[in-house]
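Following: one structure in structure tokens, then a few remarks.
Below, read A as the first sequence line, B as the second, and so on, with proteins coming before strands; counting in each chain starts at 1.
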There are 2 protein chains.
Amino acid sequence: MAAPRPTRQFPDQPLPPPGPRATTVSRPGGRSSSVRRRVLDAVRTHLAEHGYDALSVDAVADRSGVHRTTVYRRWRDVGGLLADALTEAIDDTWSPTDTGTLDGDLHAVNREVYAALTAEPPVTAALIAASFRSEQAAAALRSFWADRYDRCAAIVHRAVDRREIPAGTDPRRLLVAATAPLYHELLLLRTLPDPRLAEQAAHATATAARAGAFTD
Amino acid sequence: MAAPRPTRQFPDQPLPPPGPRATTVSRPGGRSSSVRRRVLDAVRTHLAEHGYDALSVDAVADRSGVHRTTVYRRWRDVGGLLADALTEAIDDTWSPTDTGTLDGDLHAVNREVYAALTAEPPVTAALIAASFRSEQAAAALRSFWADRYDRCAAIVHRAVDRREIPAGTDPRRLLVAATAPLYHELLLLRTLPDPRLAEQAAHATATAARAGAFTD
DNA sequence: ATGCTATCGCAACACTTGTTGCGTTAAGCC
DNA sequence: GGCTTAACGCAACAAGTGTTGCGATAGCAT
């Protein structure tokens, strides 16, 4: 006979878009652009200074000078804040460096992954941890990774063009094989970071690719 | 001039061992073995029925009939509960199945990993999520994985003995390369589960191993 | 300038989580 | 049987987290 517990939510707005709001469009009474900037700045600085564990909606609100209620209304939870901060921080001009060989290209990508996963403070790890609790953070991460893997497909195409690996090689499978060991070791198994990881995973994957292991 | 915030903890006991307590040793006044069984049963059933998000110390306490305070004292948090439930559920007799080929052995292991990661309810995913917030859960997972990778080294040794792959192949690197793509796709990238993942990752890794990609 | 209104600030609340001191209970030992 | 003592139950508290209604305000339009 337990009460249904109505899972309360803010009824005011239909979950307002936390994404970049058009600044020139008609929004009478809106102060949102200024608020958003202050909040997102607070997220970044607080994350850098005190880490993920200390990141709460209240802490961000206090630091930004924006009221708790406003942050809860627009971002819902910490995951929403991180998601918005991520999408804003994305570099739209990013592309994988061209070293001339598949080994080299994969190694270059893996060095970036390695750097991101061992960065201090661990913002990437924080975002991934948050993605297990917040659908917003999970969605933001998925779209970020989808974009990066799409761009990295160029690496595979270049290798095919050089006749280094067979045509019909699946870019995604190859790229996941190359990068996944880094995430696994550094994030899940939590072994002490070894910079050779990046090169070893890149080399093993390139070897498998040359043998045609990523074609159907 | 902010107050140091003394990070309060229970002073009663020096963090009691949540592990299996010797039942025959002198523990005057202790009712611990019965309590532990009731609590761990509650963790399992509650996890199975309501999932990880609904798993809280209070929920487990209510269900088990054991008082909140007792659970907090002995297990500290949800991560501690999951860690204890995991170590109790571990099958000490597990060993990798011998199929006769490296491809087959890796495929068999990967099928188990795949099954664990796609199980409903997602207890493995729950444990991994918890490991980002609880040091106890993280430690339990690390030791579990360390044990499994040690046992799986037999796969690599068998392949070396069969002259399938070169001697000097690093078992751990090989095994991580084989399994990591599953964790990455199913847990992080969260693509819709594809059973072929297990076979593809196994085959690609075996190919790389035959080419000597996992030797120094 | 004046009005409109979405957004924000504010106070107050409810629920969850974690902690403490202290009295009570049950397991083991004589 | 009674004694000892770690483990437990209990009430009460403290802090963090999430929610609500309502009044105030800033940005835009006219």
Side-chain angles (χ1 to χ4, degrees), chain A residues 2-18 21-39 42 50 53-62 64-81 130 133-134 136, chain B residues 2-18 21-39 42 50 53-62 64-81 130 133-134 136:
Chain A
R5 190 152 104 71
T7 312
R8 297 184 294 167
Q9 284 176 203
F10 286 126
D12 306 57
Q13 295 112 318
L15 209 253
R21 193 162 300 199
T23 51
T24 52
V25 100
S26 166
R27 50 165 171 67
R31 278 150 289 184
S32 36
S33 56
S34 137
V35 164
R36 179 162 181 264
R37 173 150 306 160
R38 277 191 288 162
V39 168
H50 305 287
D53 290 334
L55 193 72
S56 67
V57 174
D58 279 30
V60 170
D62 284 350
S64 66
V66 173
H67 199 83
R68 288 165 24 87
T69 314
T70 301
V71 181
Y72 273 114
R73 274 200 261 252
R74 286 193 57 186
W75 286 273
R76 173 148 263 130
D77 53 24
V78 184
L81 287 169
R133 291 203 290 163
S134 159
Q136 287 182 77
Chain B
R5 189 152 103 71
T7 312
R8 297 185 295 166
Q9 283 174 203
F10 287 124
D12 305 58
Q13 295 112 317
L15 209 254
R21 192 163 302 198
T23 50
T24 52
V25 100
S26 166
R27 49 167 172 64
R31 278 149 291 184
S32 35
S33 57
S34 137
V35 165
R36 179 162 181 261
R37 174 152 307 160
R38 277 191 287 161
V39 168
H50 305 288
D53 290 334
L55 192 73
S56 67
V57 174
D58 279 30
V60 170
D62 285 350
S64 65
V66 173
H67 199 82
R68 290 165 21 86
T69 314
T70 300
V71 181
Y72 274 113
R73 274 200 262 252
R74 287 193 57 185
W75 286 273
R76 169 149 267 127
D77 54 23
V78 185
L81 288 169
R133 292 202 289 163
S134 159
Q136 287 182 78

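Taking atom CG on Asp77(B) and atom C1' on dA15(D), their separation rounds to 17 Å, with Å as the unit. Between Asp62(B) atom CG and dG9(D) atom C1' the separation is 14 Å, expressed in whole Å. Atom pair Arg37(B):CZ and dA7(D):P shows a separation of 18 Å (rounding to whole Å applied). Rounded to an integer number of Å, the gap from CZ of Arg133(A) to C1' of dT16(C) is 13 Å. Computed from coordinates, the Leu55(B) CG to dT17(C) P distance equals 10 Å when rounded to whole Å.
Taking every side-chain heavy atom of Arg68(A) into account, dG18(D) is the closest of dT19(C), dG18(D), dG21(D). Comparing dC8(C), dG18(C), dC10(C) by their closest approach to the side chain of Thr69(A) singles out dC10(C). Comparing atom distances between the Arg74(B) side chain and each of dT17(C), dC8(C), dC8(D) picks out dC8(D) as nearest.
Residue Ser56(A) places none of its side-chain N or O atoms closer than 4.0 Å to OP1 or OP2 of dG16(D). Dashed line: the shortest gap from a side-chain N or O of Tyr72(A) to OP1 or OP2 of dT19(D) is not under 4.0 Å. At the phosphate of dC8(D), neither OP1 nor OP2 sits under 4.0 Å from any side-chain N or O atom of His67(B). Note on Ser32(B): every side-chain N or O is 4.0 Å or more away from OP1 and OP2 of dA7(D).
In this structure the side chain of Arg38(A) reaches within 4.5 angstrom of the side chain of Val35(A), judged on heavy atoms.
In terms of the side-chain contact (heavy atoms from CB on, under 4.5 Å) criterion, residue partners of Arg37(B) (sequence neighbours excluded) are, by chain and number, Asp41(B). Among residues two or more places apart in sequence or in another chain, the side-chain contact (heavy atoms from CB on, under 4.5 Å) test is passed with Ser134(A) by Asp77(A), Gln136(A), Ala137(A).
Put simply, the side chain of Arg73(B) and the base of dG9(D) share a donor and an acceptor less than 3.5 Å apart.
When heavy atoms are screened at a 4.0 angstrom cut-off, Asp58(A) is found touching base atoms of the nucleic acid.
The line from CG of Leu81(A) to OG of Ser56(A) is 9.5 Å long, rounded to the nearest 0.5 Å.
Here the closest heavy-atom approach between residue Arg74(B) and residue Ser32(B) is recorded as NH1-CB, 3.2 Å.
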